[in-house]
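Atoms within a ligand are numbered from 1 in the order they appear, just like the ligands themselves. Everything numeric in this text was worked out from a predicted model, so none of it was measured. The residues of the chain are indexed from 1 along the displayed sequence. Values below: every heavy atom of this structure, side chains too, minus hydrogens, waters and symmetry copies.
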Amino acid sequence: MTRDSLEATYRILDASANRAGEGLRTLEEWTRFGLDAAELTAEFKQIRHDVAAVLAQLPRQELLAARDTIGDVGTRLETSTEYQRATPQDVVQAGIARTGQSLRVIEEYLKTIDARLARIVEQARYRFYVVAAKLELLIVRSPLRDRIHNARLYLLIDAGSDIDTFESNVACMAQAGVDVFQLRDKRQTDRVLIDRARRATSIAHDFNALVLMNDRADLAMAAQCDGVHVGQDELPVELARKIVGDHRLVGLSTHQIDQAEDALKVGADYIGCGPVFPSSTKTFQQYAGLEYLRDVAKRIKIPAFAIGGIELTNLDEVLSTQVHRIAVTGVVRDADDPVQMVKWLREKLDAATGEEESR
Ligand SMILES: Cc1ncc(COP(=O)(O)OP(=O)(O)O)c(N)n1
Ligand SMILES: Cc1nc(C(=O)O)sc1CCOP(=O)(O)O
Ligand SMILES: [Mg+2]
């Protein structure tokens with residue numbers, strides 16, 4: 001290689017190493033402070049260190065001597081999208097693209113100097129693609145993720161006695177303010193569940209509400225509803241995700257803080273947090289209680305719905321934990337006027353959300 005070519009190669013390596021380091025650091029900051037995702041943060045950090053260790057094996061004098069930021073014609077060329085970052089998600093997506101490109105550039109030019117080092121960077125690039133895909137999955141907000149994010153009132157319903165009553169119940173509840181329905185009826189046949197979920201979805205969508213299937217990802221797909229809710233000992237979230245795909249929702253029940261932290265790692269879109277109080281719908285030996293909700297509000301970034309024995313009379317206690325989403329059954333099912341009950345719950349939830357936004 002001529003002296004000029006070698007100098008240009010060092011210049012490219014120096015610039016690309018800086019770009020890759022900055023890109024990785026940008027991603028690391030978001031996984032660390034934006035998502036509290038310790039594993040992803042550690043993986044990005046490791047890749048950053050591995051690439052830096054490779055570059056450290058090149059003669060530093062030569063790299064620095066080749067650096068000429070002021071004379072770099074590229075610094076004067078900016079693209080129209082370079083300053084368009086509306087959200088941190090945009091920053092992350094740009095960071096992923098920039099880092100992948102920089103790693104590839106380093107690898108290609110390193111081949112002309114040291115094939116062994118180029119192979120190490122190649123491995124780092126492959127690892128980067130895997131971690132970046134995990135991060136992208138967490139930040140890309142499908143329309144359904146936006147809707148679960150905005151949801152406050154989640155109602156678990158059974159299949160009801162007859163279809164007409166079921167359908168009118170879903171319509172009335174959605175109109176009164178339910179954001180999300182979950183079809184939870186352990187006594188029904190698969191056929192009935194599929195039929196009810198299909199009908200509920202078609203009605204709920206007219207009111208901008210969502211419908212999820214309890215426990216069964218296969219039935220969620222068969223009914224083409226908006227997702228599935230699974231428990232700790234049921235279908236794992238990763239497998240539920242394989243069945244329902246990236247665009248449908250997967251919710252996970254959690255009862256303690258390590259389960260809530262794991263929910264983020266395994267890619268759940270939201271969590272149920274309970275049981276908060278004794279329930280007339282399901283019997284429990286232990287209660288997660290209000291303390292658990294306080295922990296969740298402080299530490300967990302994905303949408304969290306308090307569940308278990310929530311009534312109009314204890315809702316203020318729930319809201320005081322700063323968890324402002326609830327999932328309920330009995331309080332509505334057993335109310336003298338279920339529609340009115342939904343409206344009252346809704347009012348309190350909206351008031352709490354309003355206070356949160358005005359702070
Ligand atoms: C929103 C929501 N949160 C928690 C649960 C409970 O799910 P799970 O622990 O799987 O219990 P079952 O519903 O299967 O009895 C839920 N269904 N929904
Ligand atoms: C099905 C279910 N799961 C819970 C959990 O804590 O995981 S609490 C619960 C029952 C929710 O109904 P209600 O509002 O009538 O108590
Ligand atoms: Mg379950």
[X], [atom1]: over 12 other non-hydrogen atoms inside 6.0 angstrom:
{"X": "R127", "atom1": "CZ", "result": "yes"}
{"X": "Q175", "atom1": "CD", "result": "no"}
{"X": "D233", "atom1": "CG", "result": "no"}
{"X": "E39", "atom1": "CD", "result": "no"}

Check the orientation of [X] and [Y]. Use parallel for under 30°, tilted for 30 to 60°, and perpendicular for over 60°.
{"X": "F44", "Y": "F128", "answer": "tilted"}
{"X": "Y270", "Y": "H229", "answer": "tilted"}
{"X": "Y129", "Y": "Y126", "answer": "tilted"}

query = What pair of heavy atoms forms the shortest contact from S279 to G309, and how long is it?
reply = CB-N, 3.9 Å
remark   = Heavy-atom nearest pair, V230 first then D215, reads CG1-O, 4.0 Å
key: Selected option - heavy-atom contact closest to atom 4 (C) of ligand 2, from F305, F284, F277, Y292   = F284
query = Out of K186, H229, R216, whose heavy atom is nearest to atom 12 (P) of ligand 1?
reply =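 Minimum heavy-atom distance to atom 12 (P) of ligand 1 goes to K186.
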Could you list which atoms of ligand 2 come closer than 4.0 Å to a heavy atom of [X]?
{"X": "G330", "value": "13 (P), 14 (O), 15 (O)"}
{"X": "V328", "value": "14 (O)"}
{"X": "R184", "value": "1 (C)"}
{"X": "S279", "value": "10 (C), 12 (O), 13 (P), 15 (O), 16 (O)"}
{"X": "G308", "value": "8 (S), 16 (O)"}
{"X": "G274", "value": "6 (O)"}

message = Counting only nitrogen or oxygen atoms and a 3.5 angstrom limit, does G309 reach ligand 2?
response = yes
request  = For ligand 2, find out whether one of its N or O atoms is nearer than 3.5 Å to an N or O atom of S253.
outcome  =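 No, no N or O pair falls under 3.5 Å.
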Considering heavy atoms of the protein only, find what lies nearest to [atom] and give residue, atom and distance to 0.1 Å.
{"atom": "atom 7 (O) of ligand 2", "value": "H255 CE1, 3.3 Å"}
{"atom": "atom 12 (O) of ligand 2", "value": "T329 OG1, 3.0 Å"}
{"atom": "atom 13 (O) of ligand 1", "value": "R184 NE, 2.8 Å"}
{"atom": "atom 11 (O) of ligand 1", "value": "K282 NZ, 2.8 Å"}
{"atom": "atom 15 (O) of ligand 2", "value": "T281 OG1, 2.4 Å"}
{"atom": "atom 9 (O) of ligand 1", "value": "S253 OG, 3.2 Å"}

Does some non-hydrogen atom of [X] fall short of 4.0 Å from ligand 2?
{"X": "R333", "value": "no"}
{"X": "G272", "value": "no"}
{"X": "V331", "value": "no"}

message = If we count only N and O atoms by modelled type, under 3.5 Å, do the side chains of E22 and N18 hold a donor and an acceptor together?
response =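 No, no side-chain donor-acceptor contact under 3.5 Å.
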message = Test of understanding: given a 4.0 Å heavy-atom threshold, classify the contact between Y154 and ligand 1 as side chain, backbone, both, or neither.
response =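 Only the side chain of Y154 comes within reach of ligand 1.
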Please report the interatomic distance [atom1]([X]) to [atom2]([Y]), rounded to the nearest 0.5 Å.
{"X": "E28", "Y": "Q46", "atom1": "CD", "atom2": "CD", "value": "10.5 Å"}
{"X": "E7", "Y": "D14", "atom1": "CD", "atom2": "CG", "value": "11.5 Å"}
{"X": "L183", "Y": "R196", "atom1": "CG", "atom2": "CZ", "value": "8.5 Å"}

query = Looking at R147, R325, R346, which hits salt bridge (Lys or Arg N to Asp or Glu O under 4.0 Å) with D179?
reply =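 When salt bridge (Lys or Arg N to Asp or Glu O under 4.0 Å) is applied between D179 and each of R147, R325, R346, only R346 qualifies.
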Can you sort out which atoms of ligand 1 are near [X], meaning under 4.0 Å from one of its heavy atoms?
{"X": "G272", "answer": "3 (N)"}
{"X": "E234", "answer": "10 (O), 14 (O)"}
{"X": "D215", "answer": "10 (O), 14 (O)"}
{"X": "Q182", "answer": "1 (C), 2 (C), 16 (C), 17 (N), 18 (N)"}
{"X": "G231", "answer": "8 (P), 9 (O), 10 (O)"}

query = Looking only at distance, does N214 have an N or O less than 3.5 Å from an N or O of ligand 1?
reply = yes
ask   = Hey, which N, O or S atom on D215 ends up closest to the Mg ion (ligand 3)?
value = OD1
Positive for side chain to side chain contact (heavy atoms under 4.5 Å, CB included) with V92, one of T31, L27, L35 =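 That would be L27; it is the only one of T31, L27, L35 passing the side chain to side chain contact (heavy atoms under 4.5 Å, CB included) with V92.
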query = Any side-chain heavy-atom pair from T254 and Y292 closer than 4.5 angstrom?
reply =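 In contact.
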inquiry  = Any atom of ligand 1 sitting under 4.0 Å from a heavy atom of D233?
reply    =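 No, D233 has no heavy atoms under 4.0 Å from ligand 1.
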